[in-house]
Amino acid sequence: MLELVTPLIAPIVVLHVVIGIVTYVTLLERKFAARMQSRIGPYRVGYHGVLQPIADAVKLMMKEDVVPTAADKPVYNLAPIVFLVPCMFIFATLPFAPGLGVADLNIGVLFFLAVSSMEIVGLFMAGWGSNNKYALLSAMRAVNQVISYDLPFVFSALIPVVLAGSLKLSDIAAAQSGLWFIFYPVIGQLAFIAFIVSTVAAENRAPFDILEAESELVAGFRVEYSGMKFALIQLGEYAHILGASFLGALLFLGAWSGPGPEWLGPIWFLIKAMLVFLLVTWVRWSFVRIRVDQILALSWKALLPATLLLLLATAVVVVWRANAGL
Amino acid sequence: MTSDQARALIAERFSGAQIDGTYPITATVSTDQWVAFARFASDELRCRFFSFLTAVDWKDLGLEVVVRVDNLDDNIALLMKTRLGPGVSVCPSIMPVYKGANWMERECYDMFGIHFDGHPDLRRILLTDDWVGHPLLKSYAVDTPHPPYR
Amino acid sequence: MLGSELQTVEQVRALRDARRTDGTNVFVIVRAILSAMRMTAMNLFRKPVTVHYPEKPRTYPDRYRGLLALVYEKDTEEEACIGCRLCEMVCPPAVIKVEMLKGEKRNYAKTFTLELYACEFCELCVQVCPTDAIVMMKSFDLATADRRELLLDKDRLHAIGLQHEQSWATGNKLRDMQGPPKMARTEHAAKEETPA
Amino acid sequence: MSAPTVTPKRVELDYTGSERLTMNMGPQHPSAHGVFRAVLTLEGETVIDVDSVIGYLHRCHEKLSETLTYAQYPSIASKTDYVAAMTSEFAYVRAAEVIGKFEVPKRAQYLRVITAELQRVASHLLWLGTWCMDMGGALGGGATIFLYCIRERELILDLFESLVGARLLYGFFQVGGVRYDIPSGWADSCRQTVDVIDQRISEYERMLENNPFFMARAQGVGVISRELAESVGISGPLLRGSGVAWDLRRADPYSSYEDFEFKVPVETAGDCFARYRVRMVEFRESLKIVRQALDKLPEGPISSRPGLKSVAQTRVPKGEAYVRVEGARGEVGCYLVADGSAKPYRMKWRGASFSNLAILPHIIPGHKVADIVAIMGSVDPVFGEVDR
């Protein structure tokens with residue numbers, strides 16, 4: 001019986017937990033950024049603003065949903081959902097503890113990477129359907145950027161795969177029970193840096209947020225969205241960031257391994273993911289944005305060759321170690 | 001070049017000009033010589049820095065166009081003036097000589113209604129395109145009614 | 001566009017490419033990135049400068065130029081305004097309107113209106129007031145949804161004067177401060193003191 | 001407002017097959033520093049052509065000044081360049097003083113220097129913040145620098161508030177001197193503030209210097225050649241960034257500027273980064289002048305004329321003068337024609353931002369959309385001064 005019910009209930013539970021975490025991740029980022037900028041951040045709703053995300057959600061739901069007259073309505077209305085679904089899908093393969101997750105696929109990493117780059121479809125639909133020149137430019141930039149950065153993203157995520165010798169996420173986590181991959185000499189650190197850079201870029205976060213670029217393109221592809229649709233896009237974006245943070249914690253920071261009893265595992269995992277998230281946030285609030293041509297140049301001329309070489313070096317090291325019997 | 005030399009040079013080349021002061025040198029030339037004088041100021045006095053262009057409405061005596069240019073190397077300041085004469089509101093444009101005259105002449109047209117001959121893009125710059133009248137003329141009282149916004 | 005022949009598109013591109021520094025010095029780049037991140041991290045541990053405004057009122061400096069008000073004379077408790085209309089004439093946006101009421105010993109303001117919504121708080125009315133009647137308050141809280149409420153009449157101005165703390169400046173103090181030669185200023189002050 | 005006529009050639013399909021897009025930036029746009037509208041013609045991301053539309057903030061200051069007396073107008077003059085209000089008042093007041101040959105006491109001159117230099121620092125702080133926000137976005141590192149700059153600018157505004165009682169539009173100047181003397185303890189708090197800001201400027205430099213993201217955006221972007229700069233008449237940090245050592249405080253000293261030691265920074269590259277460097281050095285030089293002026297501040301009256309008692313107290317004899325001061329954005333000039341009454345006959349306001357903004361159509365074509373905001377920010381226009 002349990003085998004039948006679990007696949008039905010687990011996704012619902014995970015979905016709700018993820019949405020809950022995502023809403024509070026926004027508060028975490030706002031507080032963190034505020035302190036970095038000598039401000040205090042949300043403060044009025046609840047004690048030190050703890051109820052702020054809920055207030056935001058309620059506000060966005062109550063807002064009028066404006067559809068531009070000239071918009072391509074089916075595309076425009078569908079875009080937030082097409083954007084949100086892949087962002088939520090990436091949690092399907094994530095194990096939160098040994099055996100705790102929706103589906104621990106054999107090709108977990110591959111599924112994750114494939115689905116996470118699907119968000120570009122929703123992005124482009126939003127930019128195109130809005131029938132707005134800013135949104136269109138932003139969508140064009142988004143396609144450029146996401147395609148360029150998915151490759152280094154994939155290559156840097158493949159390094160732990162090579163080290164662990166499996167595409168299954170739980171296997172990769174288990175392989176780090178002795179040594180977290182970030183502490184793997186040289187390769188681990190470089191791969192982590194490449195992973196963070198390409199995560200920031202693939203998630204379109206500052207300093208690579210050229211498709212949002214509110215000083216040039218106002219708000220980019222979501223300039224015409226308001227109310228619930230805006231909330232969905234926002235939710236999708238943060239879910240994607242959260243998913244990538246979990247992936248980073250899993251691939252490099254040893255997932256749920258940590259001191260204390262075994263049931264603390266998911267909590268350790270969450271803490272590590274939050275650390276990755278805060279690192280990305282820290283980068284975001286420290287730099288100015290760079291231009292579209294420079295972003296592409298960085299990807300194709302620097303990051304892609306670097307990650308490729310690193311992957312090659314990792315493979316060589318792994319083969320050498322296997323041959324040497326280490 | 002010093003300011004005195006510049007004065008002497010102006011007096012030599014533009015005999016009809018009234019010259020006053022040394023810093024700035026105020027030179028009033030006739031409207032016919034206006035562009036030639038601007039070119040002379042730019043090329044020979046090397047007053048390349050274009051400061052501003054404006055006009056003064058001397059009521060019955062007509063409009064006067066005032067331009068200030070500077071030579072930044074030798075610190076020579078030149079205030080060029082020309083009287084358009086009563087009732088006249090056409091002046092040759094010095095845009096071919098100074099690029100900064102583009103917006104300044106548009107503003108002057110906007111405020112005084114002076115048509116700058118040879119300006120390629122003479123439209124209103126600060127006021128709306130459908131504004132009636134030219135506000136800085138003394139005949140345009142502060143409380144002149146204007147059509148409501150469209 | 002007009003006059004852009006001096007720098008064509010090609011020239012701009014050439015200039016831009018010529019001046020581009022090669023970002024190949026990895027050491028410099030890494031150090032610069034770390035230094036920027038260090039600065040933000042450093043500020044993470046500084047005290048926030050946010051002022052919780054409505055909860056904790058901020059302290060105003062002595063010379064604060066806030067709401068305008070009329071005051072009563074201290075000794076006689078009469079209105080200090082003599083309706084001389086100097087403030088009406090000096091006001092740059094012309095928001096003050098005064099009518100004079102002739103009295104036996106002194107004059108009064110029959111009406112005194114001030115359109116606070118157009119006031120620019122330049123303190124010129126305070127400066128010219130010969131009897132220190134119009135002053136400024138250390139407050140600006142007069143927000144309202146109705147513009148008409150900002151059309152202050154004489155009673156309202158007197159009420160504001162009693163409600164808030166008065167700023168330092170009065171007409172005589174300002175003119176004393178600006179009085180040119182020091183000698184004349186002391187003489188002026190002496191003359192003021194003798195009748196009292 | 002009806003749309004400006006755009007010649008059809010700009011929006012048609014190009015025969016080379018590349019499609020052109022006309023895009024409006026502004027008048028309400030996050031990076032327009034005020035209400036500025038640029039009609040851009042784009043080819044992909046590259047700007048081919050730009051038409052600037054200004055005048056949304058026009059208040060006809062020049063006509064207004066003909067109806068206000070010399071006593072009334074200074075407090076209105078601060079509304080032209082509201083970010084550097086002190087220098088705007090300064091230009092007008094000095095024009096009247098030059099025509100009327102009014103003396104200004106030494107103490108007043110020094111107070112003018114102190115406030116003008118503090119104002120320059122405050123204005124440059126706002127420039128640095130908004131420029132970085134243009135380049136970095138309100139949801140990125142730009143906002144961080146912006147908030148740091150605003151934090152430090154508040155310190156200077158606090159100083160001004162305790163000096164004159166207002167934070168933005170001061171009315172500190174009057175013909176013949178200044179209106180307020182410094183309160184007790186002000187000099188000490190000013191010294192402390194200057195020290196704090198000096199230290200914080202080093203922090204901004206550490207955030208931006210050599211930073212690859214920042215350099216990539218600023219270097220080689222928006223290059224202005226010296227010839228173009230002079231011909232259009234840009235001034236201030238922009239002119240000095242293009243290789244002209246021209247500072248009115250040095251070239252045409254006024255208000256005792258010859259008493260102080262300071263450098264005039266010059267850069268030759270003429271790009272956004274050169275302008276950034278010039279302004280960063282100017283920060284330090286201004287702070288240096290403030291320190292010197294506070295040390296040397298003489299005793300004495302603050303105005304050569306009796307305190308204002310009536311509206312028409314100041315009369316200026318017949319005459320005309322063009323007077324300029326080095327504002328935060330460049331040459332703030334006032335061409336004043338007086339006819340002997342208490343009101344000017346004609347006043348021409350030469351806003352530095354107006355001339356500086358006129359450079360945009362010359363330098364923007366050929367750049368990317370993202371560069372426009374960087375160039376706009378480095379020009380640092382204040383639309384109160386552009387539209388007057």
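Residue numbers begin at 1 in each chain, while the letters A, B, ... track the order of the sequences.
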**OP:** Taking all non-hydrogen atoms of both residues into account, name the closest pair between Tyr140(B) and Lys63(D) and its distance.
**Re:** O-NZ, 2.6 Å
Original post:
So which of Ser231(D), Ala229(D), Ser235(D), Gly55(D) has the biggest tally of heavy-atom pairs under 4.5 Å with chain B?
Top reply: Ser231(D)
**OP:** Give, as side chain, backbone, both or neither, the part of Arg68(B) having an atom under 4.5 angstrom from any heavy atom of chain D.
**Re:** side chain
**OP:** Specify which of Glu66(D), Arg324(D), Glu62(D) makes the most heavy-atom pairs with chain B at under 4.5 Å.
**Re:** Arg324(D)
Original post:
Hey, what do you get for CH2 (Trp103(B)) to CD1 (Ile359(D)), rounding to the nearest 0.5 Å?
Top reply: 10.5 Å
Subject >> Close side-chain approach of Asp110(B) and His58(D), heavy atoms under 4.5 Å >> reply: no
Original post:
Got a sec: does the CZ of Arg7(B) have more than 12 other heavy atoms crowding it under 6.0 Å?
Top reply: yes
Original post:
Any side-chain heavy-atom pair from Tyr335(D) and Leu79(B) closer than 4.5 angstrom?
Top reply: yes
Subject >> Side chain / backbone / both / neither for Arg226(D) at chain B, heavy atoms under 4.5 Å >> reply: side chain
Original post:
If you count heavy-atom pairs under 4.5 Å between each of Val69(B), Thr26(B), Asp73(B) and chain D, which one has the most?
Top reply: Asp73(B)
Original post:
Can you tell me if CD on Gln28(D) sees more than 12 non-hydrogen neighbours from other groups inside 6.0 Å?
Top reply: no
Original post:
Asp57(B) versus chain D, heavy atoms under 4.5 Å apart: side chain, backbone, both or neither?
Top reply: backbone
Subject >> Donor-acceptor pair between Thr54(B) and Arg346(D) side chains, under 3.5 angstrom >> reply: yes
**OP:** Look only at the side chain of Lys138(B) and the backbone of Tyr345(D), and say whether a donor-acceptor pair between them is shorter than 3.5 Å.
**Re:** yes
Original post:
Between Gly233(D), Cys60(D), Gly333(D), which residue shows the highest count of heavy-atom pairs closer than 4.5 Å to chain B?
Top reply: Gly233(D)
Original post:
Any idea which heavy atoms bring Leu126(B) and Val386(D) closest together, and the distance?
Top reply: CD2-O, 4.1 Å
Original post:
Which value, rounded to the nearest 0.5 Å, describes the distance between Phe50(B) atom CZ and Ile234(D) atom CD1?
Top reply: 14.0 Å
**OP:** Run the salt-bridge test on Arg123(B) and Asp51(D) with the 4.0 Å N-O cut-off and return the result as yes or no.
**Re:** yes
Original post:
Do the charged groups of Lys348(D) and Glu107(B) touch, with an N to O distance under 4.0 Å?
Top reply: yes
Subject >> Proximal component of Met104(B), with respect to chain D [non-hydrogen, under 4.5 Å] >> reply: both
Original post:
When heavy-atom pairs shorter than 4.5 Å are enumerated against chain D, which of Ser42(B), Gly100(B), Ser51(B) gives the highest number?
Top reply: Ser51(B)
**OP:** Pick one of side chain, backbone, both or neither for Val66(B), based on which atoms fall under 4.5 Å of a heavy atom in chain D.
**Re:** side chain
**OP:** Calculate, to the nearest 0.5 Å, the distance between atoms CZ and CG belonging to Phe49(B) and Leu239(D) respectively.
**Re:** 6.0 Å
**OP:** State, yes or no, whether a side-chain contact exists between Trp246(D) and Asn75(B) at a heavy-atom distance under 4.5 Å.
**Re:** yes
